[in-house]
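Everything on this sheet refers to the single structure shown next.
Remember, it's 1-based here, ligands and their atoms both numbered in the order they're listed. Small disclaimer: the values here were computed from a predicted structure and weren't measured.
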Amino acid sequence: MGEVALALIPAPARANPLESGGDSYMGSQTDPKPCDRVMTPNAPITQDVLTIPRKLTQGKPNIVGLTREGLRAALIAHGTPDRQAKMRAGQIWQWIYQWGVRDFQAMTNLAKAYRAELAENFVVEIPELVSKQVSLDGTRKYLVRIAGGHEVEVVYIPETDRGTLCISSQVGCTLTCSFCHTGTQKLVRNLTPAEIVGQILVCRDDLGEWPVAGVRPPERRLLSNVVLMGMGEPLYNFEGVRDAMLVAMDGDGLSLSRRRITLSTSGVAPLIPRAGAEIGTLLAISLHATTDDVRDQLVPINRKWNIAALLDACRAYPGLGNANRITFEYVMLKGVNDSDADARRLVKLIAGIPAKINLIPFNTWPGTVYERSSWERIEAFAEIVNRAGYASPVRTPRGQDILAACGQLKSATERGRRSAAQVAAQVAAEIGGA
Ligand code: SAH
Ligand code: SF4
């Protein structure tokens with residue numbers, strides 16, 4: 001499956017990112033070797049990682065996350081006649097993704113003997129739900145455990161006209177955006193397609209959103225949209241994310257329209273055209289700054305692919321138009337990127353790209369050097385962007401009482417092990433100070 005684990009060379013604690021040194025080494029999953037330099041106080045802002053091939057597990061293959069073609073080939077390899085394999089793959093997919101069935105015995109349109117063969121040769125496995133928290137505003141945060149004992153957070157956000165699931169693509173992140181708590185997490189590995197698509201299945205289980213035979217399903221789905229905005233950089237787990245999204249978008253799979261799935265990238269410019277061609281979901285770009293100097297500090301991958309390179313890649317994204325706009329995410333950081341001049345530069349930069357701008361009030365975390373911009377500042381910024389003709393919704397922080405907001409997805413796990421009173425005190429302090 002080409003899966004790799006990343007062993008980390010211990011990275012030093014980060015200094016104030018706005019003052020950090022000019023070392024531009026960028027560690028990433030595509031880097032063939034780790035940085036072998038001695039760590040100094042000016043050590044790279046990006047963690048250095050070494051990729052080590054993971055041993056494949058000896059267990060039975062998991063059907064979840066296999067592409068159509070992958071499943072067809074696996075069925076043939078285990079004795080399904082060639083001419084039947086395509087149809088069987090479609091039937092099995094429908095049971096798993098449309099009916100939520102994980103027990104082969106319940107796949108009643110397959111012959112009994114064939115069901116037994118499947119059970120002998122395959123498993124249907126999704127991540128294990130470890131805990132669930134429900135916010136006062138209805139947001140649900142799940143902690144799920146995946147192979148190796150790693151834990152990943154998944155957030156469901158109900159709104160009046162939709163329900164959005166925010167899923168993760170990696171455990172941790174090799175990038176170190178200086179305002180993001182996930183980027184401080186040391187352990188990193190790519191999630192498998194099963195672990196990615198499995199997050200959607202875990203949420204459907206919890207919402208009880210599987211059809212019941214003979215009962216007409218409701219018009220509106222509870223889980224209607226998916227955003228790849230949890231932990232990790234989706235384009236650094238390209239194949240894993242692609243295969244999972246192909247299952248999510250397929251009519252025999254989860255049957256989510258491509259226009260209801262948004263992939264958010266920090267700016268891996270060279271992979272953006274490939275994402276358009278091979279995945280084809282909507283695209284969100286974590287822009288967050290209007291000059292390279294500031295973006296170098298906030299989103300260090302900018303030192304590899306700067307704003308101009310990133311926006312060129314965006315302009316070439318296939319199918320752009322009014323119904324298919326790029327979302328530019330912009331985290332509002334007090335005194336760093338939130339001036340009127342920034343707002344004016346922003347609209348100039350993206351001129352000609354069908355776009356909307358998503359202003360995200362900074363979500364604070366312990367140890368961060370940043371502060372959230374004031375509401376007056378955010379409104380003034382939004383006003384300039386609006387007047388230039390761009391929709392600029394301010395993303396209301398959701399699930400704050402359970403630390404489910406963007407960029408908080410590391411602190412939550414760590415705090416989950418503390419007492420409820422400690423958590424409440426910390427959250428109150430954070431919300432109060434934001
Ligand atoms: N790695 C991808 C997707 C996950 S992050 C990316 O960077 O695009 C999802 C969004 O949350 C990104 O726009 C990210 O910049 C933003 N984010 C991260 N930390 C945040 C924080 N503390 N407050 C607000 N937004 C944050
Ligand atoms: Fe990784 Fe995205 Fe966080 Fe940057 S903002 S550290 S790319 S998860």
Worksheet item: Got a salt bridge between Arg377 and Asp342, using NZ or NE/NH1/NH2 to carboxylate O under 4.0 Å?
Response: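 Asp342 and Arg377: not salt-bridged.
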
Quiz question: by atom type and distance under 3.5 Å, do the side chains of [X] and [Y] form a donor-acceptor pair?
X	Y	result
Asn302	Asp296	yes
Asn225	Thr164	no
Asp137	Ser135	yes

Worksheet item: Are the aromatic rings of Phe179 and His288 close, with centres under 6.0 Å apart?
Response: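 For Phe179 and His288, the ring centres are under 6.0 Å apart.
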
Discussion item. Ring centres under 6.0 Å, that's the criterion: do Phe381 and Tyr330 meet it?
Written reply: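 That pair passes the under 6.0 Å test.
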
Where on [X] is there a heavy atom closer than 4.0 Å to ligand 1, on the side chain, on the backbone, on both, or on neither?
X	value
Thr368	neither
Met229	both
Asn363	both

Subset of ligand 1 atoms that lie under 4.0 Å from at least one heavy atom of [X]:
X	answer
Thr265	6 (C), 8 (O)
Ile360	24 (C), 25 (N)
Cys180	18 (C), 19 (N)

Worksheet entry | Polar protein atoms near atom 3 (Fe) of ligand 2 [N, O or S; cut-off under 2.8 Å] |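 Short answer, with waters excluded from the count: Cys180 SG.
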
Worksheet item: For Arg220 and Asp161, what are the C-alpha separation, side-chain angles and deciding distance, and is it a salt bridge (Lys or Arg N to Asp or Glu O under 4.0 Å)?
Response: CA-CA 8 Å; Arg220 208 172 61 77; Asp161 59 338; over 6 Å; no

Worksheet item: Do Ile92 and Leu75 have side-chain heavy atoms sitting under 4.5 Å apart?
Response: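 They are in contact (side-chain heavy atoms under 4.5 Å apart), so the answer is yes.
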
Discussion item. If the condition is salt bridge (Lys or Arg N to Asp or Glu O under 4.0 Å), which residues does Lys86 pass it with, not counting sequence neighbours?
Written reply: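 Lys86 satisfies salt bridge (Lys or Arg N to Asp or Glu O under 4.0 Å) with no residue once adjacent residues are dropped.
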
Backbone or side-chain N or O of [X] under 3.5 Å from ligand 1 N or O:
X	answer
His288	yes
Pro234	no
His181	no

Worksheet item: What pairs with Tyr156 under ring pair (Phe, Tyr, Trp, His ring centres under 6.0 Å), at least two apart in sequence or on another chain?
Response: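 By the ring pair (Phe, Tyr, Trp, His ring centres under 6.0 Å) rule, Tyr156 matches no residue at all.
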
Worksheet item: Quick one: does Gly232 get within less than 4.0 Å of ligand 1, heavy atoms only?
Response: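 It does; at least one heavy atom falls under 4.0 Å.
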
Worksheet item: Does Gly230 have a non-hydrogen atom less than 4.0 Å from ligand 1?
Response: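 Judged by the 4.0 Å heavy-atom criterion, Gly230 does count as contacting ligand 1.
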
Practice prompt. For salt bridge (Lys or Arg N to Asp or Glu O under 4.0 Å), just list the numbers for Arg274 and Glu239, CA-CA rounded to whole Å, side-chain angles, deciding distance to a tenth of an Å, and then say yes or no.
Written response: CA-CA 11 Å; Arg274 197 177 153 209; Glu239 283 83 10; 3.2 Å; yes

Item to complete: Check each of Phe362, Phe179, Phe328, Tyr370 against atom 18 (C) of ligand 1 and report the one with the nearest heavy atom.
Response: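 Minimum heavy-atom distance to atom 18 (C) of ligand 1 goes to Phe179.
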
Item to complete: Could you name each residue pair satisfying salt bridge (Lys or Arg N to Asp or Glu O under 4.0 Å) that touches residues 305-314, not counting sequence neighbours?
Response: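 As it turns out, the salt bridge (Lys or Arg N to Asp or Glu O under 4.0 Å) pairs with a partner in residues 305-314, which skip direct neighbours, are Asp312-Arg315.
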
